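In what follows, a structure is listed as structure tokens, so that the remarks can point back to it.
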Amino acid sequence: MLISLFLYACNNKHKIDTGDTGDPESFSYQQLSDTAKLIAEMKWKDAKIKYNNHLSRINIYLSKNDLINESEARKLINVTSMYYATSLTREARTILNGDCESKHSDLNDIKKELDALLAQISSQKIEFNSDEAKLVKQRIEKHNEILLFISNIRSQSMPTSLDKDYDISYNVTKLAKKREYENENFSCNRIKTGLIEVPRSLNDRHVAYINELVNIYNELEAKTKSDYVKIVGYFDNYCYNGSGSYLSYGISNSIAEKQVKQWMKISKPEGLVNNFNE
């Protein structure tokens with residue numbers, strides 16, 4: 001396209017604005033429209049600069065050409081905005097399908113630019129088919145939603161008191177949400193790796209929580225049957241999701257059962273030998 005524009009400029013003996021130089025007043029309407037196409041092929045940061053500069057040149061051109069009607073003026077601005085959106089959406093999809101970790105800030109900056117374009121469309125300041133821009137914007141939002149989910153899982157805190165129940169429904173819900181997010185089919189390594197780690201992270205937190213309760217229980221000077229029954233209940237909750245089936249922590253049932261057997265080695269209250277009724 002650069003070559004064709006160059007030939008076009010030579011054949012018509014006009015200088016097309018492909019950078020930051022040139023007199024907008026010397027351009028024809030068609031030249032300004034053709035030059036806007038370059039924006040679609042640029043990296044988004046370069047496209048942003050070119051887009052803003054080109055809009056300024058268009059405004060100068062329009063102010064000096066009273067014969068241009070409103071419809072033609074809007075068309076010129078619309079096509080420039082459309083090409084800018086093309087640059088933004090193309091690069092956003094490239095990031096989402098590749099190195100989204102190192103370019104996370106770029107992704108959010110692109111979303112801001114798309115937000116601004118879509119806001120102008122909503123206010124009818126510009127007009128072009130915005131379906132792709134909306135889809136990419138939603139994809140970025142989903143990307144950020146998943147990253148927040150992963151971050152919250154990693155930073156979750158647990159109660160460490162025998163007087164507080166472990167909310168097993170929390171893990172059940174998060175494991176279900178993890179599977180839902182996997183169906184979004186992001187190829188970004190940051191998301192793929194983060195989602196893979198979710199079950200293990202939930203498992204490690206659950207184990208650490210029960211280990212802390214075991215420590216608290218072991219330090220009790222006078223262990224009661226009630227204390228024992230309650231902590232054994234926590235052991236059972238580790239294996240099951242409350243409806244009789246195993247939690248999908250990404251570990252085998254045998255490993256889970258081995259962990260429970262280890263916990264069951266805690267000392268029983270005096271007089272409680274084999275079962276709770278003795």
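As a basis for the values below, the full set of heavy atoms in this structure was taken, side chains included, without hydrogen atoms, waters or symmetry mates. What you are looking at is a predicted structure, and each value in this text was computed from that prediction instead of being measured.
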- Message: Are Leu195 and Phe149 packed together at the side-chain level, in the sense that at least one heavy-atom pair is separated by less than 4.5 angstrom?
- Response: yes

- Message: For a side chain to side chain contact (heavy atoms under 4.5 Å, CB included) check, start with the C-alpha distance between Lys223 and Ser267, then their side-chain angles and the critical distance, and finish with the verdict.
- Response: CA-CA 9 Å; Lys223 299 176 179 63; Ser267 60; 3.6 Å; yes

- Between Ile39 and Ala47, which heavy-atom pair has the shortest distance, and what is it? O-CB, 3.8 Å

- SB check Asp34 Lys37 (cutoff 4.0 Å): yes

- Message: Between Lys111 and Asp115 (salt bridge meaning N to carboxylate O under 4.0 Å), is one present in this structure?
- Response: yes

- Message: Test your reading of the model: is there a side-chain donor-acceptor pair from Arg190 to the backbone of His104, 3.5 Å cut-off?
- Response: no

- Task: Would you check if there is a donor-acceptor pair between the side chains of Tyr51 and Glu113 at a distance under 3.5 Å?
- Result: no

- Message: Less than 6.0 angstrom from the centroid, inside 45 degrees of the normal: does Lys177 satisfy that with respect to the ring of Tyr181?
- Response: yes

- Same apolar cluster (I L V M F W Y, side chains within < 4.5 Å links), Ile266/Ile216: yes

- Query: CD1 of Ile153 to NZ of Lys178: how many Å apart, nearest 0.5 Å?
  - Reply: 11.0 Å

- Between Ser151 and Leu147, is there a donor-acceptor pair closer than 3.5 Å when you use the side chain of the first and the backbone of the second? no

- Query: Sub-3.5 Å donor-acceptor pair from the side chain of Asn78 to the main-chain atoms of Phe128, do we have one?
  - Reply: no

- Task: State, yes or no, whether a side-chain contact exists between Ile58 and Leu62 at a heavy-atom distance under 4.5 Å.
- Result: yes

- Any donor-acceptor N/O pair, Glu91 side chain to Trp44 backbone, under 3.5 Å: yes

- Query: Any donor and acceptor pair, going by atom type alone, linking the side chain of Asn218 with main-chain N or O of Val214 inside 3.5 Å?
  - Reply: yes

- Task: Any chance you could measure Ile150, atom CD1, to Ser201, atom OG, to the nearest 0.5 Å?
- Result: 10.0 Å

- Message: Could you check whether any side-chain N or O of His143 sits under 3.5 Å from a backbone N or O of Gln138, counting only pairs where one atom can act as donor and the other as acceptor?
- Response: no

- Return yes if some donor-acceptor pair links the side-chain N/O of Lys265 with the main-chain N/O of Gln262 below 3.5 Å, else return no. no

- Message: If you compare all heavy atoms of Pro269 against all heavy atoms of Lys225, which two are closest, and at what distance to 0.1 Å?
- Response: CG-N, 3.9 Å

- Message: Quick check for you: to the nearest 0.5 Å, what is the distance between Leu148 atom CG and Asn144 atom CG?
- Response: 8.5 Å

- Thinking salt bridges, do Arg200 and Glu197 make one under a 4.0 Å N-O criterion? no

- Query: Is Ile210 reachable from Leu220 through a run of I, L, V, M, F, W or Y residues, each pair having side-chain heavy atoms under 4.5 Å apart?
  - Reply: yes

- Side-chain donor or acceptor of Ser187 paired with backbone N/O of Asn97 under 3.5 Å: yes

- Message: Quick check: do Lys43 and Asp46 have side-chain heavy atoms less than 4.5 Å from each other?
- Response: yes

- Item | Shared hydrophobic cluster, Ile121 / Leu135 (ILVMFWY, side-chain heavy atoms < 4.5 Å) | no

- Message: Does Glu145 have more than 12 heavy atoms from other residues, nucleotides or ligands lying within 6.0 Å of its CD?
- Response: yes

- Report yes if the distance between the aromatic ring centroids of Tyr234 and Trp263 is under 6.0 Å, otherwise no. no

- Task: Could you tell me whether Lys261 and Glu257 have a side-chain N and a carboxylate O separated by less than 4.0 Å?
- Result: no

- Side-chain heavy atoms of Ser87 within contact of Glu41, under 4.5 Å: no

- Establish, from distance only, whether the side-chain atoms of Asn215 and Glu219 form a donor-acceptor pair under 3.5 Å. no

- Does the pair Lys45 and Ile49 meet the rule for a side chain to side chain contact (heavy atoms under 4.5 Å, CB included), with working shown? CA-CA 7 Å; Lys45 289 182 180 179; Ile49 296 172; over 6 Å; no

- Under a 4.5 Å side-chain heavy-atom rule over Ile, Leu, Val, Met, Phe, Trp and Tyr, are Val207 and Tyr170 clustered together? yes

- Side-chain (Thr35) to main-chain (Leu32) donor-acceptor, under 3.5 angstrom: no

- Side-chain ion pair, Glu132 and Arg93, N-O less than 4.0 Å: yes

- If you measure from the Lys or Arg side-chain nitrogens to the Asp or Glu carboxylate oxygens, is any gap between Asp109 and Lys48 under 4.0 Å? no

- Rounded to the nearest 0.5 Å, how far apart are CD of Glu180 and CD1 of Ile146? 8.5 Å

- Query: Could you state the interatomic distance from NZ (Lys103) to CG (Asn108), rounded to the nearest 0.5 Å?
  - Reply: 14.5 Å

- Side-chain heavy-atom pair Val136, Leu88 within 4.5 angstrom cut-off: no

- Query: Is the closest side-chain heavy-atom distance between Ser130 and Leu117 below 4.5 Å?
  - Reply: no

- Pairwise side-chain contact, Ile110 with Ile95, heavy-atom cut-off 4.5 Å (strictly under): yes

- Message: Contact between Tyr238 and Asn203 at the side-chain level, heavy atoms closer than 4.5 Å - yes or no?
- Response: yes

- Task: Supply the atom-to-atom distance Thr89 OG1 to Arg139 CZ, rounded to the nearest 0.5 angstrom.
- Result: 14.5 Å

- Task: Say whether Tyr217 and Met264 are linked into one hydrophobic cluster, either directly or through other cluster members, by side-chain heavy-atom distances under 4.5 angstrom.
- Result: yes

- Side chain Thr224, main chain Asp227, donor-acceptor under 3.5 Å: yes

